[in-house]
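As the structure lists them, so they are numbered: ligands from 1, and atoms in each ligand from 1.
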Amino acid sequence: RKGKTPEEVVKKYLQKVKSPPEEVRQLQGLSPGVGPVSRAESVGRLAQCGHQYHFQCLVAMYNNGNKDGSLQCPTCKTIYGVKTGNQPAGKMEYHVIPHSLPGHPDCKTIRIIYNIPPGIQGPEHSNPGKPYTARGFPRHCYLPDSEKGRKVLRLLLVAWDRRLIFSVGTSSTTGESDTVIWNEVHHKTEFGSNLTGHGFPDAGHLDNVLEELRAQGITEDDGLTE
Ligand code: APR
């Protein structure tokens, strides 16, 4: 995918709309009327979800992101291509520990250990060249070692490879900026207690994580092939 221009990437996921309806013209700030729009105002339909956009708006949106060859519909969040993030360099490890989590008495526990050192922000971050801090690492996280827990682990490994588990930004907990933060996929960081709300028991946790992974474009199919 490297080497494709932003225009080429956007074109790949769009179907031409010759005569966009008035509603789309209004929403996209195009000249009103019937019939074809000018080349400069060209409108396309995103191939899978069908939402219509001004071609140049999608190119601008793509240029604002990390330009990984993927595109996300601003309306319904459908992902085209493979979405990747800007998680900084580090390590993800896991192993099974012979204890049960509250709410999962019948199985052992998977412990994931994330370790990310501080560093310097790259072009994919909001302040390139500026250092970022990394607090509370290694961060230990827990999953039940059940069939569903192992499925979540497989998909988290895919998310890690796509740099989607962490990001660099402002921590909503501490208010610190330019620091490593969790990115939209919830993890349980407490083992035997639930003082922070990020512990067990939580019956809906695995399904929530699967849903959050899906929102990042990671589904069960990914766990099989990668
Ligand atoms: N454990 C798991 N998830 C957490 C925690 C925690 N202790 N604190 C916050 N989150 C979740 C939040 O619910 C939110 O969805 O992470 C997301 C981002 O929150 P931030 O506060 O911006 O993330 P971050 O600064 O990375 O985490 C705060 O979590 O693991 C600890 O050491 C870490 O103290 C830090 C805290």
Side-chain angles (χ1 to χ4, degrees), residues 64-66 68 72 74 77 79 83-97 99-104 107-122 124-146 148-219:
N64 276 331
N66 59 357
D68 60 3
Q72 190 157 19
K77 310 295 176 204
I79 295 167
K83 179 180 174 172
T84 61
N86 64 3
Q87 170 184 288
K91 241 171 43 184
M92 173 183 185
E93 296 173 320
Y94 63 90
H95 52 247
V96 174
I97 55 177
H99 305 283
S100 298
L101 288 161
H104 299 277
C107 64
K108 296 178 185 176
T109 298
I110 299 165
R111 176 163 62 199
I112 304 173
I113 304 174
Y114 293 111
N115 215 338
I116 297 186
I120 306 288
Q121 295 180 54
E124 72 275 41
H125 299 123
S126 23
N127 296 307
K130 197 172 171 182
Y132 57 84
T133 57
R135 308 293 181 194
F137 289 97
R139 295 189 187 184
H140 289 194
C141 308
Y142 304 95
L143 290 171
D145 188 21
S146 60
K148 203 183 242 184
R150 287 190 290 269
K151 175 161 97 184
V152 167
L153 173 66
R154 282 198 298 277
L155 299 186
L156 288 175
L157 288 163
V158 175
W160 173 265
D161 284 339
R162 295 185 188 175
R163 303 179 63 191
L164 290 166
I165 304 267
F166 293 94
S167 180
V168 173
T170 301
S171 166
S172 50
T173 304
T174 66
E176 186 179 19
S177 61
D178 302 289
T179 191
V180 181
I181 53 173
W182 293 112
N183 176 50
E184 321 214 342
V185 180
H186 278 91
H187 284 68
K188 293 297 192 190
T189 50
E190 270 189 79
F191 180 86
S193 53
N194 194 8
L195 304 172
T196 57
H198 302 288
F200 293 90
D202 179 351
H205 175 61
L206 295 177
D207 286 326
N208 290 342
V209 180
L210 289 172
E211 197 45 48
E212 291 170 340
L213 286 162
R214 178 174 294 277
Q216 300 294 327
I218 299 170
T219 63

I'd like to know if [X] and [Y] make a salt bridge, using a cut-off of under 4.0 Å between side-chain N and carboxylate O.
| X | Y | value |
| --- | --- | --- |
| Glu212 | Arg214 | no |
| Lys188 | Asp202 | yes |
| Arg163 | Glu124 | yes |

Exercise for the section: For Ile181, take its heavy atoms, then give the atoms of ligand 1 lying under 4.0 Å from any of them. Expected result: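 This gives 22 (O), 25 (O), 26 (O) as the contact atoms.
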Problem - ligand 1 atoms in contact with Gly136 (distance to a heavy atom under 4.0 Å) - result: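 Answer for ligand 1: 32 (O).
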Practice task
Measure the CE-CD1 distance between Met92 and Ile165 for me, rounded to the nearest 0.5 Å.
Solution key: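 Atom-to-atom, Met92:CE and Ile165:CD1 are 5.5 Å apart.
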Problem - Region of His187 engaging ligand 1 - heavy atom pairs below 4.0 Å - result: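 Looking at His187 and ligand 1, just backbone atoms fall under 4.0 Å.
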Exercise for the section: Answer side chain, backbone, both or neither: which part of Val180 comes under 4.0 Å from ligand 1, heavy atoms only. Expected result: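 The backbone, only.
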Problem - Test item: side-chain donor near acceptor, Glu176 and Thr170, under 3.5 Å - result: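 Checked: Glu176/Thr170 side chains show no N/O donor-acceptor pair below 3.5 Å.
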Exercise for the section: Would you kindly say whether Glu190 and Thr196 are connected by a side-chain donor-acceptor distance under 3.5 Å? Expected result: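 Checked: Glu190/Thr196 side chains pair up, N/O donor to acceptor below 3.5 Å.
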Exercise for the section: Look at atom 26 (O) of ligand 1 and find which of His140, Glu176, Arg139 reaches it with the closest heavy atom. Expected result: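 Nearest heavy atom to atom 26 (O) of ligand 1 lies in Arg139.
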Problem - Evaluation steps, salt bridge (charged side-chain N to carboxylate O under 4.0 Å, His left out), between Lys148 and Asp207 - result: CA-CA 9 Å; Lys148 203 183 242 184; Asp207 286 326; 2.7 Å; yes
Top protein contact for [atom], by heavy-atom distance:
| atom | answer |
| --- | --- |
| atom 14 (C) of ligand 1 | His186 NE2, 4.0 Å |
| atom 1 (N) of ligand 1 | Thr189 OG1, 2.6 Å |
| atom 22 (O) of ligand 1 | Ser172 N, 2.7 Å |
| atom 8 (N) of ligand 1 | His198 NE2, 3.5 Å |
| atom 21 (O) of ligand 1 | Thr173 OG1, 2.4 Å |
| atom 25 (O) of ligand 1 | Ser171 OG, 2.6 Å |

Handout entry: Thr189 vs Tyr142 side-chain heavy atoms within contact, under 4.5 Å
Key =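 Answer no - side chains too far apart.
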Problem - Nearest protein heavy atom under 4.0 Å from atom 34 (O) of ligand 1, yes or no - result: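 Within 4.0 Å of atom 34 (O) of ligand 1, no protein heavy atoms are found.
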Exercise for the section: For ligand 1, find out whether one of its N or O atoms is nearer than 3.5 Å to an N or O atom of Trp182. Expected result: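 Trp182 vs ligand 1: N/O contact under 3.5 Å present.
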Practice task
Compute the ring centroids of His187 and Tyr114, then answer whether they are less than 6.0 Å apart.
Solution key: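 Yes: the rings meet the under 6.0 Å criterion.
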